[in-house]
Amino acid sequence: MNHQELLLGVNIDHCATVRQVRYKDCEATNGGIIEPDPVFFAQQCELAGADSITVHLREDRRHMQARDVERLRESLRVPLNLEMAVTDAMLEFTLGIEPDYACIVPENREEVTTEGGLNIVDERDRVARVLEGLAHAGVIVSLFIDPEPDQIRMAAELGAPVVELHTGAYSNAYYSTTRAGEFERLKAGAELGHELGLVINAGHGINYVNAAEVRTLPHLHELNIGHSIVSRSLFKGVEESVREMRRLLNVR
Ligand code: PXP
């Protein structure tokens with residue numbers, strides 16, 4: 001692989017969302033008539049060139065189930081990135097799975113999807129403890145934070161190797177007058193993080209339109225994209241949807 005390329009991590013949570021809408025009361029997570037299978041979806045993403053697969057095992061298990069994560073761990077060839085809340089239960093689960101990467105995210109019961117970055121200034125001690133436990137097990141940890149200088153400095157102070165900058169505010173502002181300001185905030189955040197030695201990932205709300213601008217952020221290593229790819233797969237199939245996004249991220 002050309003290491004100058006911007007990597008694509010595909011978040012497959014919403015494949016599981018569709019399954020749960022119909023089959024949440026079934027004990028099994030796959031097989032027979034239970035569909036769609038997120039593991040099969042992930043395999044199609046791999047074939048199409050996804051660089052990693054991301055899943056978020058939420059406390060309320062609204063989409064991914066523990067069994068999905070276990071099956072992914074057994075079958076994926078590209079790295080598995082597990083998004084997790086800062087709780088003892090998730091730390092224990094993650095240490096049992098040993099994913100390649102873990103991304104620490106906030107989790108509010110009421111939100112439809114992850115709405116804001118984790119406040120690692122306020123949550124410093126809890127984050128430090130989870131970070132240490134995971135780093136000790138060889139898991140590469142990223143912190144999902146807003147592109148705020150205080151948050152970025154704290155990530156570096158805590159010794160996190162990677163940050164994922166939250167692009168949600170920018171994505172929501174895409175068709176409004178605040179877009180340029182949001183983009184500048186991300187740009188400044190990426191610059192600062194890079195200066196402090198952090199690997200810069202980004203994600204949330206990235207789609208086939210805004211990807212053209214997001215990809216021009218400085219020092220980007222990987223983008224994590226879920227909803228737009230899962231949605232487009234309904235019309236174009238998984239392989240074509242992943243291929244198209246990966247191409248878009250690396251247009252010269
Ligand atoms: N990155 C993180 C940390 C997330 O929590 C999510 C949403 O689950 C994403 C990326 C992907 O967001 P979207 O589904 O809007 O592409």
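Order of listing sets the numbers, starting from 1, for every ligand and every atom in it. Treat the numbers as computed from the prediction; the structure is a model and nothing was measured.
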Quick check on contacts: which atoms of ligand 1 are under 4.0 angstrom from a heavy atom of [X]?
X	value
I225	16 (O)
V105	3 (C)
G205	12 (O), 13 (P), 15 (O), 16 (O)

Practice task
Please check if atom CD in E92 has more than 12 non-hydrogen atoms from other residues, nucleotides or ligands closer than 6.0 Å.
Solution key: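 Incorrect, the count does not exceed 12.
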
Exercise for the section: State which residues pass side-chain contact (heavy atoms from CB on, under 4.5 Å) with S228; sequence neighbours excluded, sorted by chain then number. Expected result: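 S228 satisfies side-chain contact (heavy atoms from CB on, under 4.5 Å) with N207, Y208, I225, M245 only.
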
Handout entry: Under 3.5 Å: N/O of G226 near N/O of ligand 1
Key =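 Looking only at distances, the answer is yes, because the N/O contact criterion of under 3.5 Å is met.
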
Handout entry: Pairing of R129 and D88 as salt bridge, 4.0 angstrom limit
Key =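 A salt bridge links R129 with D88.
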
Practice task
Classify the contact between H166 and ligand 1 as side chain, backbone, both or neither, using a heavy-atom distance cut-off of under 4.0 Å.
Solution key: neither

Practice task
Record the part of E83 in heavy-atom contact with ligand 1 below 4.0 Å; permitted values are side chain, backbone, both and neither.
Solution key: side chain

Exercise for the section: Go through the steps to decide whether H56 and E107 satisfy the test side-chain hydrogen bond (donor to acceptor under 3.5 Å, both in side chains), and finish with yes or no. Expected result: CA-CA 10 Å; H56 183 178; E107 209 173 284; 2.9 Å; yes

Completion exercise
To atom 1 (N) of ligand 1, the nearest of H14, H204, E164, H56 on a heavy-atom basis is E164

Practice task
Determine, considering heavy atoms only, which of R58, H227, E107 sits nearest to atom 14 (O) of ligand 1.
Solution key: H227

Exercise for the section: Could you list the residues that satisfy ring-ring contact (aromatic ring centres under 6.0 Å, His included) with Y101, not counting sequence neighbours? Expected result: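 Partners of Y101 under the ring-ring contact (aromatic ring centres under 6.0 Å, His included) test: none.
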
Exercise for the section: Just do the side-chain hydrogen bond (donor to acceptor under 3.5 Å, both in side chains) check on Y170 and E213 with the steps written out, would you? Expected result: CA-CA 11 Å; Y170 161 82; E213 187 167 59; 2.5 Å; yes

